[in-house]
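See below for the structure under consideration.
None of the values given here were measured: they were computed from a predicted structure. Each chain gets a letter, A, B and so on, in the order its sequence line appears, and its residues count up from 1.
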2 protein chains.
Amino acid sequence: METLRERKKQRTREALLRTALEMFTAQGYDDTTVDDIARAVDVSQRTFFRYFAGKEEAALALQDMTVARLLEAVRERPAHEAPMDALRQAVLEGWDTLNEVIEAVAPVEVFLRMYQVIESTPVLLAAHLRRSVEIEEALARILADREGVDLAADPRPRLTVAVFGGVMRLTERRWSGGRDHSLDALRTLAVSHLEGIGPALSESWRTH
Amino acid sequence: METLRERKKQRTREALLRTALEMFTAQGYDDTTVDDIARAVDVSQRTFFRYFAGKEEAALALQDMTVARLLEAVRERPAHEAPMDALRQAVLEGWDTLNEVIEAVAPVEVFLRMYQVIESTPVLLAAHLRRSVEIEEALARILADREGVDLAADPRPRLTVAVFGGVMRLTERRWSGGRDHSLDALRTLAVSHLEGIGPALSESWRTH
DNA sequence: AGGCTAGTGACAGTCACTGACAATTGACAA
DNA sequence: TTGTCAATTGTCAGTGACTGTCACTAGCCT
C-alpha cells in the first residue's frame, strides 16, 4: 500500500499534467504560462518545476509514456522478422494498446490533439524531434542486439532506424497537416509510407 | 556602391556574428549570454536582437548560409539522375564549395566546430532539427518539380527526402561523435551511409 | 507525543526576448 | 552647407521560463 504522502504527490502531478494538457490544447502552448497552470491547480509555480523539468516536459509527457512500450514491443518481436518489419509491427502494436498506457492520465483524444499542438508549435516540435533522436539511438541498440551485430562496427542498425525514423516523422507531419486526425488515419498513412520506401528509392519515377 | 549606412550595418552584423560564433565555440553556447556578445561588440543587447531573431539564429547562421546553395545545386542536377543520386551529388557539391559561401564570415574550421557545438547542445540540436524539416519540405518540392509529379498526390518526393534527411542526420551525428572532424571524413561517412541504405533495408542481416 | 524529513511556498535573481520612446546619425534636397 | 527626414541605436521597463535558498508545514516513524 502506498503512503499518503505518495498518493498526494501522484495526485498533484496528475492534476498539473491534466491541467497543462487541457490548457495547451484549448488555448495553445505559447499562450499558456506556467503560472497559469500552477494557479489553476492551486500550487506555486515552483512546485510545477519540481514535477516537470520544464514546460516542454509536461507537453510531451503523453508521447513519452508510449516510448517505453514501443521499445519493449520491438524487443519482443519474433526473431525471424526483418528489422524494418519488426519496427513497423511494434509501432502499430503500440498504437493498438495506446489507451492502456495513457488512460490513467488522459483519453486518447487528448493524446492525438497534443500531436497537432506539437506539430504546430515550433519550440515543441523542436523538442519533439530532439527526443526522437534519443529514441532512435535506443532502437538501434535493440536492433543490433536482436540481429546479433556489433553496433560500433556495423552501421546497418542505425541506418535502418534513421530511415524508419525519417519516414515516421514524415507520417506525423502529413497526418497532422491533413484532415482526418483519427488514429486509424495515422495507422494507414504509416503503413502506406513504409511500403512506399522501396518504390520511392527506385531509379526514376518518370518511367512510371 | 553601397551607402555608408549599409556598410555600417553590415559591419555590425558581421561583428556580432563573428563574436557570437567565437564565443560559442570557445566557451559553449549555454555559457555565452547575449549580453556577453553585445558587450564584446560594444552595442546594446537590444541591437543584437535587431540583427538576429534570437540567440539560436546566430548560432545556426553559418549552416543556414549553405542551404540556399544546396537547393540550387539540386535544381541544377542533370535530369537523368535518380532523385536520391541528385540529392547526394548536390550535398557533396555543397561541401566542395563550402568555403566560397561562408568565407566572408568565418573559416570552414569554425563552420565545422559549430557543428560539434550544435550536436552537443540540446536546445541548439532541437532548433537545428526543426530547421531541417523546413529544408526537407523545400527539397521535396524541388524533386517533385524535377520529376514532374504532383506533390499533393504523390508521396514519393517527400518519402525520398525523408529517407535522405534521416540518413544525413545520422551522418552528422556519427561524424560529430567520432574522432575525425574533417570535412573529408564527413564526405566519406555520408557516401558510405547512402550506399548502405539498400543493404540495411534487406530482409535479414544474419545471413550476412 | 515529539523529532525527523519530504514537500511546499515565498522570494530573489538570471537570462532570453519584446515594446515603447527618446536620442543620434546618415541621406538627401534646397 | 544646412536643415529636414528617416533609419539606427540605446535606454528602460516588463514578461516568461527557470533556478537557488530558506523557512515552514505536514506526513512519518519511534
Side-chain angles (χ1 to χ4, degrees), chain A residues 1-17 19-21 23-24 26-61 117-118 121-128 130-131, chain B residues 1-17 19-21 23-24 26-61 117-118 121-128 130-131:
Chain A
M1 182 66 188
E2 279 178 323
T3 162
L4 166 63
R5 204 180 262 175
E6 280 167 333
R7 264 175 289 147
K8 249 186 159 173
K9 267 178 65 175
Q10 194 64 25
R11 252 179 285 148
T12 304
R13 195 196 138 86
E14 276 180 21
L16 279 169
L17 187 49
T19 306
L21 295 176
M23 296 180 86
F24 291 158
Q27 51 178 96
Y29 179 78
D30 289 329
D31 289 340
T32 306
T33 71
V34 174
D35 282 305
D36 288 339
I37 302 166
R39 202 175 311 119
V41 180
D42 199 45
V43 297
S44 71
Q45 188 222 46
R46 195 69 184 83
T47 292
F48 176 91
F49 287 110
R50 288 197 177 99
Y51 284 94
F52 301 96
K55 204 175 141 185
E56 285 172 9
E57 195 178 290
L60 300 176
V117 175
I118 292 167
T121 308
V123 49
L124 266 190
L125 178 58
H128 175 64
R130 179 166 48 76
R131 283 174 177 229
Chain B
M1 181 66 188
E2 279 177 324
T3 162
L4 165 62
R5 200 178 261 173
E6 280 167 334
R7 263 174 290 146
K8 247 184 159 175
K9 267 179 63 175
Q10 194 65 25
R11 251 179 286 148
T12 304
R13 194 196 140 84
E14 275 178 21
L16 280 169
L17 186 49
T19 306
L21 295 175
M23 297 180 86
F24 291 158
Q27 52 178 96
Y29 179 78
D30 290 329
D31 290 339
T32 306
T33 70
V34 173
D35 282 304
D36 288 339
I37 301 166
R39 203 176 309 119
V41 180
D42 199 45
V43 296
S44 72
Q45 188 223 46
R46 196 68 183 83
T47 293
F48 175 92
F49 287 109
R50 288 197 176 99
Y51 284 93
F52 301 97
K55 205 174 138 184
E56 285 172 8
E57 196 178 289
L60 301 175
V117 175
I118 292 168
T121 308
V123 48
L124 265 190
L125 178 58
H128 175 66
R130 180 166 47 77
R131 283 172 181 232

### Query
When every nucleotide of nucleotides 1-7 of chain C is labelled 5' to 3' by its protein contacts under 4.0 Å (heavy atoms), B for base, S for sugar-phosphate only, - for none, what sequence of letters results?
----BSS
## Note on the structure
Protein heavy-atom contacts under 4.0 Å, written 5' to 3' over nucleotides 11-19 of chain C as B (base), S (sugar-phosphate only) or - (none), form the string ----SSBBB
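No donor-acceptor pair closer than 3.5 Å links the side chain of A/Y51 to the backbone N or O of A/E14. The closest donor-acceptor contact from the side chain of A/R130 to the backbone of B/L125 lies at 3.5 Å or more, if one exists at all.
With sequence neighbours excluded, the residues forming a side chain to side chain contact (heavy atoms under 4.5 Å, CB included) with A/R50 are A/R46, A/T47, listed by chain and number.
When all heavy atoms are compared, the tightest approach of B/A126 to A/A127 is CB-N, 4.2 Å.
With a 4.5 Å cut-off on side-chain heavy atoms, A/R7 and A/L4 count as touching. For the pair B/I37 and B/F24, the minimum side-chain heavy-atom distance is below 4.5 Å. Between A/D31 and A/D36 there is no side-chain heavy-atom pair separated by less than 4.5 Å.
One atom, NZ of B/K8, and another, C1' of D/dG10, lie 14 Å apart when rounded to the nearest Å. One interatomic measurement links the two molecules: CG of A/L124 to P of D/dA17, which rounds to 12 Å at whole-angstrom precision. As a whole-Å value, the separation of B/R7 CZ from D/dA7 P is 19 Å. Atoms CZ (B/R39) and P (D/dG10) sit 14 Å apart, rounded to a whole Å.
Rounding to the nearest 0.5 Å gives a distance of 13.0 Å between OG1 of A/T19 and CZ of A/R39.
At a threshold of 4.0 angstrom between heavy atoms, the contacts of A/T47 are confined to the sugar-phosphate backbone, with no base atom among them.
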